[in-house]
Amino acid sequence: MTREYWIAVSVGALILGFFIGYIIWGPSAGKLPEVEKQLRAAEAQLAEARKNSEKMEGNLGKLVNEKLNLEKENAELKQAIEKATKARR
């Protein structure tokens, strides 16, 4: 009798566990495809934002290099003008 009793208790516990799991997670399972769709959309937006960020960082690097080159050229031109004005005197 004890063996049959424990088998019945185990089966009852298993059924009760499935029932409780369905009560807790069952309604959420119906929303899963919609949540996955929203997740994919958010991931696509994040990928686009990362792509744009990398593009902007590249552009910023180019601008900084251009600014440094212009400053260097400006300094060289100032020196050339100073030399030219000193040579005229």
Side-chain angles (χ1 to χ4, degrees):
M1 163 116 174
T2 62
R3 183 176 181 179
E4 292 83 18
Y5 172 77
W6 287 113
I7 291 173
V9 168
S10 297
V11 170
L14 185 65
I15 292 171
L16 182 63
F18 281 127
F19 181 69
I20 291 173
Y22 180 75
I23 289 172
I24 294 173
W25 294 291
S28 299
K31 297 177 185 176
L32 186 60
E34 185 178 327
V35 171
E36 287 177 342
K37 183 179 176 182
Q38 290 175 350
L39 177 62
R40 280 189 228 108
E43 287 174 342
Q45 286 178 336
L46 182 60
E48 184 69 24
R50 285 183 180 151
K51 181 180 168 186
N52 289 339
S53 175
E54 290 172 359
K55 187 177 178 181
M56 288 173 33
E57 286 175 2
N59 289 341
L60 179 62
K62 289 177 185 177
L63 288 173
V64 168
N65 285 337
E66 186 176 329
K67 180 183 180 229
L68 292 174
N69 289 337
L70 289 173
E71 287 175 353
K72 182 179 176 185
E73 186 178 334
N74 190 20
E76 290 171 356
L77 289 173
K78 282 183 181 180
Q79 288 178 354
I81 290 172
E82 287 176 8
K83 285 182 184 179
T85 55
K86 286 182 183 178
R88 286 186 176 180
R89 291 182 188 173

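Values in this document were obtained by computation on a predicted structure and should not be read as measured data. We count residues from 1, following the sequence as given. We use all heavy atoms of the structure for the numbers below, so side chains are in, but hydrogens, waters and symmetry mates are not.
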(message) Using 0.5 Å steps for rounding, measure from the NZ atom of K78 to the CD atom of E82.
(response) 8.5 Å

(request) Supply the atom-to-atom distance I15 CD1 to I20 CD1, rounded to the nearest 0.5 angstrom. (result) 12.5 Å

(request) Go through the structure and list residues passing salt bridge (Lys or Arg N to Asp or Glu O under 4.0 Å) with K55, not counting sequence neighbours. (result) none

(request) Find the distance between CZ (F19) and CD1 (I24) and round it off to the nearest 0.5 Å. (result) 10.5 Å

(request) Can you measure from CD1 (I81) to NZ (K86) and round to the nearest 0.5 angstrom? (result) 13.0 Å

Quiz: residues 37-52 side-chain donor-acceptor pairs under 3.5 angstrom, not counting sequence neighbours:
{"residue": "N52", "atom": "ND2", "partner": "E48", "partner atom": "O", "Å": "3.4"}

(message) Please say yes or no: joined through hydrophobic side-chain contacts below 4.5 Å, possibly via intermediate residues, are L60 and L68 part of one cluster?
(response) yes

(message) Do L16 and I7 land in one hydrophobic cluster if side-chain heavy atoms of ILVMFWY residues count as linked below 4.5 Å?
(response) no

(request) Tell me, please, which residues at least two apart from K67 pass side chain to side chain donor-acceptor pair (under 3.5 Å). (result) E71

(message) If you count heavy atoms of other groups shown closer than 6.0 angstrom to CD of E34, is the number above 12?
(response) no

